[in-house]
Each structure stands twice: as structure tokens, then as C-alpha cells.
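Indexing begins at 1, ligand by ligand and atom by atom, following the structure's order.
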Amino acid sequence: CTKKAKMAKDNTNGLAMCRVLLAELEAHQDAWPFLTPVNHKAVPGYRKVIKKPMDFSTIREKLANNQYLNLETFIIDVNLVFDNCEKFNEDDSEIGRAGHNMRRFFDERWTELLM
Ligand SMILES: Cc1nnc(-c2cnn(C)c2N)n1CCCn1ccnc1
């Protein structure tokens, strides 16, 4: 088993974990704000404030198009969803709370799967 073969196996395992994690995120009861891209035409200020929009349907598409090298690049996009949410929404708001709940759930799940 060469180093390259081990790397390839790790990436395959990592991408399998991405699919599991994304399915769990989409199924979470607090996922509703993040399932589709924010409609920036209907949300004043969003396009100006949020430089890199991201949502679960876009992540699913990127995963299907093999655009994630490994688990790490996937985690970066998921965290972007939650960082955008924190930037644009008050902590004490329905969407803000959903973002915090989803981030906590995600952090717990990927660390469980990896440990
Ligand atoms: C995600 C996310 N972050 N901010 C918003 C949002 C959308 N409109 N307003 C006033 C916001 N603060 N969103 C998208 C929430 C998507 N949504 C809203 C109702 N059902 C889905």
C-alpha cells in the first residue's frame, strides 16, 4: 500500500463522511434557513455584507461534482454557512439561534465520526 494509495483511500473515506454529515445537516429540524441559497434580491443588504454565500444545496451540488478534495475543504464550506449566518443575523433571532444550533450539532458530529 503506497503512500499515494493510502491518501486515495483516506479521501474516499473522507468523502463518504461528507455525504453522511451533509444528509444529517439537511435532516436537522433547524436546517430550514440553510437548505437553499439566500435570495439576495429579496434580502436587502445580503449581497453587500456576505461576500461568499453558501448553503446546503450548493454544498450538495459541489459534492456531486467532486469539488471537495477532502473532508477539510467540505468543513470549510459548512462553517461558511454558519459564519455568514452569524454575520447577518442577531444571536437572539430565530435564524441566528438556528445557526448556532446547527453549528453545535455539526461540530459534535464530525468530531464523533473522526475520533
Ligand atoms: C441563511 C439566512 N441568513 N439570513 C437569512 C435571511 C433571509 N431573510 N432575512 C430577513 C434573513 N435574515 N437567511 C435565509 C433564511 C431563509 N429563509 C427565510 C425564511 N425561510 C427560509
Side-chain angles (χ1 to χ4, degrees):
C1 177
T2 64
K3 188 168 182 308
K4 199 160 177 284
K6 187 189 174 315
M7 285 283 287
K9 191 166 74 63
D10 289 354
N11 279 352
T12 308
N13 297 342
L15 289 175
M17 276 176 59
C18 294
R19 283 186 196 89
V20 167
L21 287 165
L22 182 57
E24 292 186 6
L25 288 170
E26 290 168 332
H28 195 286
Q29 69 164 16
D30 292 335
W32 57 270
F34 315 109
L35 294 173
T36 55
V38 175
N39 176 1
H40 54 75
K41 292 189 186 69
V43 185
Y46 200 82
R47 186 167 25 195
K48 184 92 178 79
V49 171
I50 300 300
K51 302 304 178 198
K52 292 169 73 179
M54 188 49 64
D55 71 284
F56 295 162
S57 71
T58 303
I59 292 174
R60 177 152 299 280
E61 203 168 316
K62 286 180 74 171
L63 198 53
N65 299 341
N66 218 11
Q67 286 176 261
Y68 292 117
L69 283 176
N70 48 36
L71 181 61
E72 191 182 352
T73 52
F74 169 82
I75 289 173
I76 287 166
D77 263 2
V78 174
N79 283 330
L80 181 56
V81 174
F82 305 141
D83 293 342
N84 289 345
C85 181
E86 269 202 67
K87 186 169 188 181
F88 198 75
N89 297 279
E90 296 291 330
D91 291 339
D92 186 20
S93 69
E94 221 187 327
I95 295 173
R97 266 189 301 281
H100 288 297
N101 291 348
M102 291 302 295
R103 184 198 293 277
R104 187 180 321 109
F105 171 76
F106 180 65
D107 285 347
E108 285 164 3
R109 279 301 287 143
W110 79 259
T111 44
E112 270 170 34
L113 287 176
L114 218 61
M115 300 308 164

Quiz item: Is the number of heavy atoms from other residues, nucleotides or ligands within 6.0 Å of CD (E112) greater than 12?
Solution: yes
Self-check item: Protein contact to atom 1 (C) of ligand 1 [nearest heavy atom, distance to 0.1 Å]
Solution: P33 O, 3.3 Å
Practice problem: Before accepting this row, confirm whether a basic side-chain N of the pair D10/K6 lies closer than 4.0 Å to the acidic partner's carboxylate O. | Solution: yes
Quiz item: Which ligand 1 atoms, with their elements, are less than 4.0 angstrom from a heavy-atom of V38?
Solution: 1 (C), 2 (C), 13 (N), 14 (C)
Quiz item: Where is the nearest protein heavy atom to atom 11 (C) of ligand 1: which residue, which atom, and how far?
Solution: I95 CD1, 3.8 Å
Practice problem: Please report which non-hydrogen protein atom sits nearest to atom 9 (N) of ligand 1, along with the residue it belongs to and the distance in Å to one decimal place. | Solution: V43 CG1, 3.9 Å
Quiz item: Thinking salt bridges, do R97 and D92 make one under a 4.0 Å N-O criterion?
Solution: yes
Quiz item: Residues two or more places apart in sequence or in another chain: which of them pass ring-ring contact (aromatic ring centres under 6.0 Å, His included) with H100?
Solution: none
Quiz item: Short list, please: which atoms of ligand 1 are under 4.0 Å from a heavy atom of F88?
Solution: 4 (N), 12 (N)
Quiz item: Hey, which atoms in ligand 1 end up nearer than 4.0 Å to a heavy atom of N89?
Solution: 3 (N), 4 (N), 12 (N)
Quiz prompt | Exercise: identify the closest heavy-atom pair between A98 and D30 | solution = CB-O, 3.7 Å
Exercise. For E26 and L35, work out which heavy atoms get closest and say how close.
Key: O-CD2, 3.9 Å
Quiz item: To the nearest 0.1 Å, how far is atom 18 (C) of ligand 1 from its closest protein heavy atom, and which atom is that?
Solution: W32 CZ3, 4.1 Å
